[in-house]
Amino acid sequence: MKDAAEAILAVVAQVPRGKVTTYGAVAERAGWPRRARLVGRVLAALPAGSKLPWHRVVAAGGRIALPAGAPARDLQVRRLRREGVAAPNGRVDLHRHGWRSPAGDLDRWLWSVGDEN
DNA sequence: CAAATGACGGGGT
DNA sequence: AACCCCGCCATTT
């Protein structure tokens with residue numbers, strides 16, 4: 001599973017400031033569809049002073065996944081806030097801050113490939 | 001070895 | 001919107 005962790009961390013590292021993505025989306029982009037939980041475990045194992053923007057990863061629907069009361073949760077919310085991403089009620093608006101990979105969307109790609117007919 | 005446990009997700013009530 | 005339930009699966013009990 002070590003390779004998976006590597007791919008996941010690589011994806012998280014790409015999430016730009018002021019944008020957020022979801023566990024499921026990260027898993028998908030990392031090449032491990034439906035393994036959102038794995039993403040959660042990998043991030044949970046992150047060393048204390050990691051430089052990765054783990055705070056830009058939220059649960060489906062924009063929910064902050066960390067349990068209420070967890071110190072890391074507050075840190076995440078503060079960091080997001082500092083980047084201009086508000087999280088009222090422990091929620092971020094994905095329509096507004098959701099990360100759309102720059103012009104390389106998977107759906108778009110799937111459509112443009114099979115048009116050689 | 002069986003059961004519980006999550007930084008998850010989606011569908012149903 | 002708030003829950004509940006179930007599928008998911010490596011780890012921990």
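Quick note on labels: first sequence line is chain A, next is B, and so on, each numbered from 1. Both backbone and side-chain heavy atoms feed into the values below; hydrogens, waters and symmetry mates do not.
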Student: Taking the side chain as every heavy atom from C-beta outward, state whether A:Ile64 and A:Arg91 have any atom pair closer than 4.5 Å.
Tutor: no

Student: Within the 3.5 Å criterion, strictly below it, is a donor on A:His97 or A:Glu83 matched to an acceptor on the partner's side chain?
Tutor: no

Student: Is A:Ile8 close to A:Val26 at the side-chain level, that is, under 4.5 Å between some pair of heavy atoms?
Tutor: yes

Student: Would you kindly give the CG-to-C1' distance between A:Asp3 and C:dA10, to the nearest whole Å?
Tutor: 14 Å

Student: Would you mind reading off the distance between A:Glu28 atom CD and B:dG9 atom C1', rounded to a whole angstrom?
Tutor: 12 Å

Student: To the nearest angstrom, how far is A:Tyr23 atom OH from B:dG6 atom P?
Tutor: 14 Å

Student: Does any part of the side chain of A:Val57, heavy atoms only, come nearer than 4.5 Å to the side chain of A:Tyr23, both counted from C-beta?
Tutor: yes

Student: Mind checking the CG-CG spacing from A:Asp74 to A:Leu66? Nearest 0.5 Å is all I need.
Tutor: 9.5 Å

Student: Residues from residues 38-64 of chain A sitting under 4.0 Å of DNA chain B, heavy atoms only?
Tutor: A:Gly40, A:Arg41, A:Leu43, A:Ala44, A:Trp54, A:Ala59, A:Ala60

Student: For a 4.5 angstrom cut-off between non-hydrogen side-chain atoms, does A:Leu75 reach A:His55?
Tutor: no

Student: Give me the residues of residues 30-37 of chain A where at least one heavy atom lies under 4.0 Å from an atom of DNA chain B, by number, or none.
Tutor: A:Ala36, A:Arg37

Student: Can you check nucleotides 11-13 of chain B for protein contacts, nitrogen or oxygen pairs under 3.5 Å, and list what you find?
Tutor:
none

Student: Any non-hydrogen side-chain atom of A:Val11 less than 4.5 Å from a side-chain atom of A:Leu9?
Tutor: no

Student: Does some side-chain heavy atom of A:Asp93 sit less than 4.5 Å from a side-chain heavy atom of A:Val85?
Tutor: no

Student: Tell me, do A:Arg100 and A:Lys19 make a side-chain contact under 4.5 Å, heavy atoms counted?
Tutor: no

Student: Rounded at 0.5 Å granularity, tell me how far CG in A:Leu43 sits from OG in A:Ser50.
Tutor: 9.0 Å

